[in-house]
Undergrad: 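Before anything else, here's the structure in question.
As the structure is a computational prediction, the values presented were derived from the model and not from experiment. Scope of the values below: all heavy atoms of this structure, side chains included, with no hydrogens, waters or symmetry mates. Residue numbers count from 1 along this sequence.
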Amino acid sequence: MQWATGALGRVIIRGVLDGRGTELAGVWVHDPAKDGVDAGVLAGRDPVGVTATRDVAEILALDADCVVHAPGRPGDPLVDLDTICALLASGKNVICMNGLTYPYAYGPFVVDDLERACKRGGVSVHGCGISRGFIADALPLMLTRLSQRITHVYARECWDFTLHPSRLMVHSVIGFGKTEEEYLGVLRSHRSTMRAIYSEGLHMMAAGLHLDLDDVDVDVEHRLAGTDLEIASGMVPRGTVAAARWTFSGLAGGRPVLTIEAVHKASAAGVPDWGPPGYAVRVDGRPPLTLTAGADWVPDPIAAAAAHALNSIPIVCAADPGIRTYLDLPPVMSRMEDDRRGRR
C-alpha cells in the first residue's frame with residue numbers, strides 16, 4: 001500500500017505496477033482533489049482498479065502486507081508517529097521515507113511506542129531512502145569495512161535545487177528566497193528539525209562502529225544571492241537566501257568523531273561557495289579512505305529513493321517484528337533483468 005502520491009509516491013506506485021512480485025492494495029492521499037481517483041491515473045498510467053482515499057480508517061482496514069510511507073513533506077518524522085504506529089498495529093509492515101532510519105536517536109519514548117505497535121501487529125518498521133538512509137549513514141558504514149583504527153568519519157552531500165520543481169520544498173522548507181531577517185527568524189525551529197533529522201544518521205553510524213556519542217553539535221551558515229536566480233520552483237531574488245551549509249558533528253570524548261555536512265544551493269552556478277554538487281565520504285583510519293562522486297552519480301534522487309524502498313519490501317516483510325534498521329537487516333539488493341527468459 002502506498003501512503004501519499006507526491007513525486008516519490010507516484011514513482012513507487014509505478015514500480016509496484018511494473019511487476020516486482022508485489023500488488024498494489026491501496027493508496028492514501030492528502031489532497032481532496034485526488035480522493036476517489038484511480039491510483040494508476042495518479043501515477044500517470046492507465047486505471048488499475050485501485051481507488052485512492054483520504055479515509056485513514058479505510059486504509060487501516062485493508063489487507064496489506066506493507067505500507068510505503070512517503071508523506072511528501074520533508075521535516076520532522078515524529079509528526080507522523082501516531083499514524084505510523086496505527087499502521088503497524090493494524091498488521092502492516094511500514095517502510096518510512098521521511099526518517100526513522102534509526103529511531104533510537106529519539107530516545108526510549110519513541111522506541112517504546114514503535115515497538116509496542118510492532119508487537120501488536122506482528123510486523124516491523126524500517127526507514128530508508130538516499131539522503132537519510134544511504135549517503136550519510138549506510139554508505140559510510142559500508143566503507144569502514146576497508147579500514148581499521150578509525151578516528152573520524154566524514155560524509156558530505158551537496159544538492160543543487162535549480163531543477164527541483166517543488167516550491168513548498170525549496171522556498172518554504174529550505175527557505176530559499178527569504179530575506180535574511182525572515183530566514184533568521186525561523187532558523188531556531190528549523191535548526192531543531194534538522195538536528196533531529198541528521199542525528200539519526202550520526203547515531204546509526206555510531207552504533208555500527210560500537211561507539212557512544214556524548215552529544216550532537218549543529219552549525220549553519222548561509223549565503224545570499226548576488227543576482228536574481230531563475231530556478232524551477234520560482235525566482236530567488238537578489239539579496240535573499242540562496243544557499244546554506246549545515247554541519248552536524250557527533251561528539252565523543254570531547255571531540256568530533258562523526259561529521260555530516262549538508263549543503264543546499266538554490267543554484268550551484270549562482271552560489272559557488274562550498275564546492276560543487278556531489279557526495280563524499282572520508283574515513284580517517286588505517287588505511288585512510290576517500291570516496292567522492294559528482295551529482296551525476298545519482299542523476300535522479302527520487303527514482304533512487306523509490307528503488308531503495310521497493311527493493312526493501314520483501315526483506316522488511318520477512319524480518320522479525322520490531323524496529324529494523326540497516327544494521328539489523330540483510331543487504332538490500334535489486335534484481336537483474338533477464339530478457340532471455342522473460343523474467344526478473
Side-chain angles (χ1 to χ4, degrees), residues 1-16 24-35 37 39 42-43 50 52-60 62 64 66-90 92-103 105-106 110 113-114 117-118 121 123-134 159 161 164-174 189-190 192-194 196-201 233 301-310 312-313 316 323:
M1 197 218 88
Q2 176 58 39
W3 185 278
T5 57
L8 178 58
R10 293 193 298 271
V11 176
I12 291 171
I13 290 174
R14 291 196 289 270
V16 172
L24 187 65
V27 174
W28 181 89
V29 289
H30 175 76
D31 187 349
K34 296 179 180 180
D35 193 12
V37 179
L42 291 175
V50 176
T53 181
R54 297 184 70 234
D55 187 342
V56 176
E58 184 178 338
I59 292 297
L60 294 176
L62 280 177
C66 185
V67 177
V68 178
H69 186 265
R73 62 181 187 280
D76 186 353
L78 300 187
V79 169
D80 291 320
L81 183 61
D82 288 345
T83 297
I84 291 169
C85 286
L87 291 168
L88 292 167
S90 72
K92 300 171 184 62
N93 296 281
V94 177
I95 294 176
C96 297
M97 306 301 295
N98 185 31
L100 297 186
T101 56
Y102 197 73
Y106 298 106
V110 171
D113 283 350
L114 289 171
C118 288
V123 292
S124 58
V125 59
H126 173 67
C128 69
I130 294 184
S131 176
R132 282 183 293 173
F134 188 72
W159 301 84
F161 287 87
H164 200 293
S166 172
R167 186 172 184 84
L168 173 64
M169 171 71 172
V170 177
H171 294 262
S172 299
V173 177
I174 296 179
S189 62
H190 193 33
S192 177
T193 298
M194 292 288 283
I197 289 170
Y198 282 92
S199 287
E200 290 193 57
S233 61
I302 290 176
H308 196 172
L310 290 164
S312 299
I313 289 174
V316 172
I323 296 170

Undergrad: Would you give the length of the straight line joining atom OG of Ser199 to atom OH of Tyr106, rounded to the nearest 0.5 angstrom?
TA: 8.0 Å

Undergrad: Looking at Ala4, is its backbone amide N or carbonyl O close enough to the side chain of Gln2 to form a donor-acceptor pair, meaning the two atoms are under 3.5 Å apart?
TA: yes

Undergrad: With the side chain counted from C-beta on, respond yes when Met1 and Val27 share a heavy-atom pair under 4.5 Å apart, and no when they do not.
TA: no

Undergrad: Taking C-beta and beyond as the side chain, do Ser172 and Arg167 meet within less than 4.5 Å on heavy atoms?
TA: no

Undergrad: Checking Lys92 side chain against Leu60 main chain: does a donor-acceptor pair fall under 3.5 Å?
TA: yes

Undergrad: Using every non-hydrogen atom in the two residues, find where Arg54 and Val29 come nearest and quote the distance to one decimal.
TA: CG-O, 3.1 Å

Undergrad: What's the separation between atom CG in Asp55 and atom CG in Asp35, rounded to the nearest 0.5 Å?
TA: 8.5 Å

Undergrad: Say you draw a straight line from CD1 of Ile12 to OG1 of Thr5; how long is it, rounded to the nearest 0.5 Å?
TA: 11.0 Å

Undergrad: Report the distance from atom CD1 of Ile302 to atom CD1 of Ile130, rounding to the nearest 0.5 Å.
TA: 9.0 Å

Undergrad: Give, for atom CD1 of Ile313 and atom SG of Cys66, the distance between the pair rounded to the nearest 0.5 Å.
TA: 5.0 Å

Undergrad: Please lay out, stage by stage, how Leu81 and Cys85 fare under the test side chain to side chain contact (heavy atoms under 4.5 Å, CB included).
TA: CA-CA 6 Å; Leu81 183 61; Cys85 286; 4.1 Å; yes

Undergrad: What's the shortest heavy-atom distance between Val125 and Cys96, and which atoms?
TA: CG2-SG, 3.9 Å

Undergrad: Would a 4.5 Å heavy-atom cut-off, applied to side chains only, mark Val67 and Asn93 as touching?
TA: no

Undergrad: Should the pair Trp3 and Trp28 be assigned to parallel (<30°), tilted (30 to 60°) or perpendicular (>60°) ring geometry?
TA: parallel

Undergrad: Take His308 and Ile95 through the side chain to side chain contact (heavy atoms under 4.5 Å, CB included) test and state the conclusion after the steps.
TA: CA-CA 10 Å; His308 196 172; Ile95 294 176; over 6 Å; no

Undergrad: Report yes if the side chains of Leu100 and His69 come closer than 4.5 Å at any heavy-atom pair, otherwise no.
TA: no

Undergrad: Might you confirm whether atom CG of Asp31 has over 12 heavy atoms from other residues, nucleotides or ligands at distances under 6.0 Å?
TA: yes

Undergrad: Quick one: SG on Cys118 to CD1 on Ile84, what's the gap to the nearest 0.5 Å?
TA: 10.5 Å

Undergrad: What closest approach, in Å, do Met97 and Ala305 show between heavy atoms, and which atom pair accounts for it?
TA: CE-O, 3.3 Å

Undergrad: Val123 versus Val94: any side-chain heavy-atom pair under 4.5 Å?
TA: no

Undergrad: Shortest non-hydrogen contact from Ser124 to Leu88?
TA: O-CD2, 3.5 Å

Undergrad: Could you tell me whether a side-chain N or O of Thr101 sits under 3.5 Å from a main-chain N or O of Cys128, the two making a donor and an acceptor?
TA: no

Undergrad: Side chains of Val56 and Thr83: closer than 4.5 Å at any heavy-atom pair?
TA: no

Undergrad: Quick one: closest heavy-atom pair of Ala43 and Ile13, and the distance?
TA: CB-CG2, 3.7 Å

Undergrad: Taking C-beta and beyond as the side chain, do Leu87 and Ile59 meet within less than 4.5 Å on heavy atoms?
TA: yes

Undergrad: Are any non-hydrogen side-chain atoms of Met169 and Ser233 less than 4.5 angstrom apart?
TA: no

Undergrad: Over all heavy atoms of both residues, which pair between Ala70 and Leu8 is shortest? Give the atoms and the distance, please.
TA: CB-CD2, 3.9 Å

